[in-house]
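Heads up: the structure comes next, in structure tokens.
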There are 2 protein chains.
Amino acid sequence: MSIVIPDFVGLACMTDETFALRTGLRAADAVVREIEARIVSGSLADGAHLPPERDLIDTYGVSRTVVREAVARLASKGLLESRPRYRPVVRRPGVDAALAAAGGVVGHLLRDSVGVKNLYDTRILLEGALVRHAALQARKDDIAALARALAANEAAIDNSELFYATDVAFHAVLYDVPRNPILPAVHRAFTAWLAEHWVKMPRSPERNRVNFLRHRDIFAAIQDRDPDAAEAALASHLNAAWEYVRGTFEGP
Amino acid sequence: MSIVIPDFVGLACMTDETFALRTGLRAADAVVREIEARIVSGSLADGAHLPPERDLIDTYGVSRTVVREAVARLASKGLLESRPRYRPVVRRPGVDAALAAAGGVVGHLLRDSVGVKNLYDTRILLEGALVRHAALQARKDDIAALARALAANEAAIDNSELFYATDVAFHAVLYDVPRNPILPAVHRAFTAWLAEHWVKMPRSPERNRVNFLRHRDIFAAIQDRDPDAAEAALASHLNAAWEYVRGTFEGP
DNA sequence: GCGCAAATTTGGTCATACCAAAGGCGATGC
DNA sequence: GCATCGCCTTTGGTATGACCAAATTTGCGC
């Protein structure tokens, strides 16, 4: 299985050991770029398995050490999905991969309430802009989607588990309105990162009902094309939720 | 040099070879968690050098292969800064590290104009919220900082290179107002990611002057505590800039 | 065909070796 | 006494080869 190797790194024409020397120190990086190119070019299709390491060894003329390092680096970049014992799976880069890559560090930033609050405030800021945008720009089908999400939310008031899911789904619709694929991904990231603390929040049908009513306020303001009211309702909603989350942190 | 090892992974008490087996397959991950813990606990201070690989080998009782993989993974998480031939430097996790981790994938998303537009639209959305926030909440010293940035911007009109820097700096002040460390980091990330395309944008003192005037409009609206005007000025400013950037992409 | 066991692949880890660059050390010269 | 240069040691980057256990494939028997 011989592949056509792009010429920006003259990999094909160089013999084994001189590899590192020529590229100016970085054998693995060169392999990374090679495989990267094959992924974006589609030569390695999304969802396909990466060839076995021993094949890559003689495809690129490097040692297994280097191949493995390259694979690890590609996995950390989100271009490969590598479960412990299985063959790595090719993943074309997407927004979710980018945010997942950030996730590893974000975990550390959320160890104290300050970090959580910062992230949550950022979310409030962004989501405030989103409800304004929705109030001004939402199309009929966006409003309809919001209405459906709101109805599902109301129907789940007595089921806190389900209520949480429909709560998230309602907010998700707001991120869909601008039809910018980055935004839904950011919402998924926010949700995933904050979920750990969110689930600790005390829940009850009464609380759920209050939250539903806030959602209804937001929806009504959007329907009325009133961005200020929509933003105010959202801010009030999210800030109230923070008070509950804050209580889950130990200390004064 | 024997260190106290946290107990959530019983590393200290297990003998070498059974390592991978007990942890359920993942020697490197266990080492990652160990070193991670030492970094957040401060046992490995920020800016310090990581011990030599050969030391880590017998500190953790694993092979060099595993140590190197662990180091690589920590570097990709932003906890270590590892230049090719040098000793890795410890970096306490920060927002910038999180965004830098995402940077690897973001590069791929910005290969076509659609990806750039999506990112840029996201920035417009967020920055719109920021100018609104500034108009409503900015303190005297925030306004003063904006005024200084604006003056520097005006003074650089005839120097396109310097103008770009002061342009970025002016916008940066907007991200500082909420005093949320995430936001300045996001601005740095936006700037770094979009810089590649931005620098291709044709520049001239005339264009600089127009941009400066837009900045002045934004500043005036903030000073007048008029969020709607501020947001409108910003949107107009950024959308106009996009028209220029868009031209740098090959046409259909 | 189909399921199950044996044989083969293949990823994870270890051990060892070599090279070249980085870093430390001592001699040299001012 | 201090700065500089060069040698020696340390240390990271890579290559090899081996072994194990899990994953996958093969193929046998039903």
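Note that this is a predicted model, so its numbers are computed, not measured. In what follows, every chain begins at residue 1, and chains take the letters A, B, ... in the order their sequences are listed.
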Exercise. Check whether any side-chain N or O of N118(B) sits under 3.5 Å from a backbone N or O of N180(A) as a donor-acceptor pair, and report yes or no.
Key: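 Such a contact is absent between N118(B) side chain and N180(A) backbone.
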
Quiz item: Any donor-acceptor pair under 3.5 Å linking the side chain of Y120(B) with the backbone of L238(B)?
Solution: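 Yes; judged by distance alone, with no hydrogens or angles, the pair exists.
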
Practice problem: May I have all residue pairs that pass salt bridge (Lys or Arg N to Asp or Glu O under 4.0 Å) and include part of residues 161-179 of chain A, sequence neighbours excluded? | Solution: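 Sorted pair list: D141(A)-R179(A), D142(A)-R179(A).
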
For atom [atom1] of [X] and atom [atom2] of [N], their distance in whole Å:
{"X": "H49(A)", "N": "dG11(C)", "atom1": "NE2", "atom2": "C1'", "value": "14 Å"}
{"X": "I57(B)", "N": "dT13(C)", "atom1": "CD1", "atom2": "C1'", "value": "12 Å"}
{"X": "D29(A)", "N": "dG13(D)", "atom1": "CG", "atom2": "C1'", "value": "12 Å"}
{"X": "L50(B)", "N": "dG12(D)", "atom1": "CG", "atom2": "P", "value": "8 Å"}
{"X": "R68(A)", "N": "dT16(D)", "atom1": "CZ", "atom2": "C1'", "value": "15 Å"}
{"X": "D58(B)", "N": "dA15(C)", "atom1": "CG", "atom2": "P", "value": "12 Å"}
{"X": "R83(B)", "N": "dG13(D)", "atom1": "CZ", "atom2": "C1'", "value": "15 Å"}
{"X": "L56(A)", "N": "dA15(D)", "atom1": "CG", "atom2": "P", "value": "14 Å"}

Exercise. Mind listing the closest non-hydrogen atom pair of R92(A) and D46(A) along with its distance?
Key: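 Shortest heavy-atom separation between R92(A) and D46(A) comes out as N-OD2, 2.8 Å.
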
Exercise. Please confirm whether any donor atom in the side chain of R64(A) sits under 3.5 Å from an acceptor in the base of dG17(D), or the reverse.
Key: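 Checked by distance alone, the answer is no.
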
Report all interatomic pairs (protein N or O, nucleotide N or O of nucleotides 8-10 of chain C) with separations under 3.5 Å.
none

Quiz item: Is it true that K117(B) and D121(B) have a side-chain N and a carboxylate O under 4.0 angstrom from each other?
Solution: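 Salt bridge between K117(B) and D121(B), a charged N being under 4.0 Å from a carboxylate O: yes.
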
Quiz item: dC14(C) phosphate, OP1 or OP2: any side-chain N/O from S63(B) under 4.0 angstrom?
Solution: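 True: S63(B) side-chain N/O within range (under 4.0 Å) of dC14(C) OP1/OP2.
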
Quiz item: What distance do R54(A) atom CZ and I57(A) atom CD1 have between them, rounded to the nearest 0.5 Å?
Solution: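 These two atoms lie 6.5 Å from each other.
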
Exercise. Would you mind telling me which residue lines up with the more 5' stretch of DNA chain C, T65(A) or P88(A), judged by nearest nucleotide?
Key: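 By nearest-heavy-atom nucleotide position, the 5'-most residue is P88(A).
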
Considering only distance and modelled atom types, tabulate donor-acceptor pairs under 3.5 Å from the side chains of residues 109-116 of chain B, sequence neighbours left out.
residue: D112(B); atom: OD1; partner: G115(B); partner atom: N; Å: 3.0

